[in-house]
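Just so we're on the same page: letters track the sequence lines, and every chain starts at 1.
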Protein chains: 2
Amino acid sequence: MEAGRQRQGRLWSNLKEVCDLLHIPAAVSINSEELLFQHVQFKTGQRVHTIGQAFDTLYIVNSGFLKTVLIDEFGNEQVLSFPMKGDMLGVDGIHTRHYASEAVALSDCDLILLPFKKLTALGRVHMELENLMYGVMSRELVREQAMIGMLGALSAEARVARFLVSLADRFAAMGYSSKLFNLRMTRHEIGSYLGLTLETVSRTLSAFNEIGLITVDQRTIGIKDPEALKTLRRLPPSRSRTKAAGAKQKAELDAAGDDQVLATA
Amino acid sequence: MEAGRQRQGRLWSNLKEVCDLLHIPAAVSINSEELLFQHVQFKTGQRVHTIGQAFDTLYIVNSGFLKTVLIDEFGNEQVLSFPMKGDMLGVDGIHTRHYASEAVALSDCDLILLPFKKLTALGRVHMELENLMYGVMSRELVREQAMIGMLGALSAEARVARFLVSLADRFAAMGYSSKLFNLRMTRHEIGSYLGLTLETVSRTLSAFNEIGLITVDQRTIGIKDPEALKTLRRLPPSRSRTKAAGAKQKAELDAAGDDQVLATA
DNA sequence: CGCGTCGTTGATAAGGTTCAAGACGGGTGG
DNA sequence: CCACCCGTCTTGAACCTTATCAACGACGCG
């Protein structure tokens, strides 16, 4: 329907601002005010790019909230990430020159356009740019690795707990409160992201609420006991009794607090 | 114990060979025979790099089989990938300048060293290199996205089936048989990779064997019905009834073959 | 030859999904 | 302005996939 952007970008950013946004030490020898990147706005529900669409530009989130999704053979969505301020979009398009995922705005957004051609051309001149890109892509890779580890090894409760902590941290990094914030996504989307059903997500949030770890009021989440959330596990759920060093004594610890749902470091 | 490599690299490769190995169109204007990369050999069980170790070089697998793992707070391993010929290792170290994962040789291996410093220095001169790196990293990112989608949405049987197909494809790409090959990893490692227990992996393989999809003899796998394996799902297990377009008619298809364990395209 | 690792298979239980019903909230149209 | 509706969220109950626990067989190595 769309995927067409409403271009009238009044805003532009220079490289310094882009680096700051990405939390990458700029080391910019480029004083250029002539090196500017255009902004684009997307409204809630609009798609920034779709799967298979020809790749030509990367995006950096300046404000707003999005989701990126994969669509399976039945049209079901699998949420991959919830990008927000400072995150980069579109990197998965570099390889095949077609975006591998779809990015949808969950709120009104302001994105910075980084035309890939322009970027590589600039890299020819300024090495900082190249290293910046490597850093951002590597960071994204590490994030996805952590995600795989979480999906592969953690229980539903642990996943939801870590999701909340991670959100809190990101809000904190953006200067917002990490104690009280609004979820921009539905339970369904959270569930997809965490490999759970929306019912399980809902139930788990309710459970956390009853225990006093958080408060829940629809999309409004209050974090009451961040430490407990961080270390919550229950169910070291598989590939336990590994011979890996250090596994044993921790297992005893675990057994000690067995009837507890949570543990504090 | 090790993580110290047994350097006596007799072998060296030029950029052209590296590109071929990575399946990246070289477009090499660099005729250099003076631009050589050293090889290193690792024996079964040796670690190429460990978590937290200072990052300085990337590796390309020239021959042999490895695994990369994350270690959680209890010492449990979470397998992230099974790199083989043509795959790149160490990319996750770029961001923090420390490797985020551990790479272990599952067989005797021959790896090509790409000192990162050297690489970026070369990138200053030869643009092809830069684009090569972007391509490789983007490809890896896409691979991990697919992995997340799989862990988040597929049943145990579908995961094992896709794992086998993916292995078959990779063997084929390496010039080996895609119909008969040896697993280089244990059931435990497969289970960790797929987010399952080793028992479930074993049982699923046995089930596929009985149905005639594959033959199993310990580590030796024979692929009998690749198409069935590719399309096997059973249990679109969660986030089903999505309102996403196209979901409906496919759901009917699904119901039609409901008592069937497998479906052929 | 025995021990340890790896793999198979069975019985049991539990975590999480599925199905179902209802509540809440926001937007729309009468 | 209220009624209505639809998407979202919550909660309950039954079911099912997969983990857990356990025992045994097979292989490889010292």
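Between A:Ile214 atom CD1 and D:dT10 atom C1' the separation is 14 Å, expressed in whole Å. Computed from coordinates, the A:Asn209 CG to D:dC9 C1' distance equals 14 Å when rounded to whole Å. Atom CG in A:Leu198 sits about 12 Å away from atom C1' in C:dC19, given to the nearest Å. When the C1' atom of C:dT9 is taken as reference, atom CD of B:Gln218 falls 14 Å away, rounded to whole Å. Note: CD1 (B:Ile190) to C1' (C:dT8) measures 14 Å, nearest angstrom. Remark: P of C:dT5 and CD of B:Glu189 are 14 Å apart, rounded to the nearest angstrom. C:dG4 atom P lies 18 Å from atom NE2 of B:His188, rounded to whole Å. Between the CG atom of B:Leu196 and the P atom of C:dG16 there is a distance of 14 Å, rounded to whole Å.
Considering only residues two or more places apart in sequence or on other chains, B:Glu102 meets the salt bridge (charged side-chain N to carboxylate O under 4.0 Å, His left out) condition with B:Arg47. For A:Arg184, there are no salt bridge (charged side-chain N to carboxylate O under 4.0 Å, His left out) partners two or more places apart in sequence or in a different chain. Partners of B:Asp72 by side chain to side chain contact (heavy atoms under 4.5 Å, CB included), not counting sequence neighbours, listed by chain and number: B:Phe74, B:Asn76. By the side chain to side chain contact (heavy atoms under 4.5 Å, CB included) test, A:Arg187 pairs with A:Leu183, A:Leu198, A:Val201, A:Leu205, A:Val216, sequence neighbours left out. Applying the salt bridge (charged side-chain N to carboxylate O under 4.0 Å, His left out) rule to A:Arg203 yields no partners; only residues at least two apart in sequence or on another chain are considered.
Within the 4.0 Å cut-off from OP1 or OP2 of D:dT8, not a single side-chain nitrogen or oxygen of A:Arg219 is found. In this structure, B:Ser202 does not reach the C:dG7 phosphate: none of its side-chain N or O atoms is under 4.0 Å from OP1 or OP2. An OP1 or OP2 oxygen of D:dT11 is reached within less than 4.0 angstrom by a side-chain nitrogen or oxygen of A:Ser206.
Nucleotides of DNA chain C nearest to A:Arg159 and B:Arg187 differ in position, and the one nearer the 5' end is that of B:Arg187. When each of A:Asp217 and A:Ala156 is assigned the nucleotide of DNA chain C bearing its nearest heavy atom, the one mapping closer to the 5' terminus is A:Ala156.
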Return the polar atom pairs (N/O with N/O) between nucleotides 10-12 of chain C and the protein under 3.5 Å, or none.
{"unit_1": "C:dG10", "atom_1": "N7", "unit_2": "B:Arg203", "atom_2": "NH1", "d": "2.7"}
{"unit_1": "C:dG10", "atom_1": "O6", "unit_2": "B:Arg203", "atom_2": "NH2", "d": "3.2"}
{"unit_1": "C:dA11", "atom_1": "N6", "unit_2": "B:Arg203", "atom_2": "NH2", "d": "3.4"}

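A 4.5 Å side-chain heavy-atom check between A:His49 and A:Ser101 finds at least one atom pair inside the cut-off. Side-chain contact between A:Phe42 and A:Asp110: absent, with no pair of heavy atoms (C-beta onward) separated by less than 4.5 Å.
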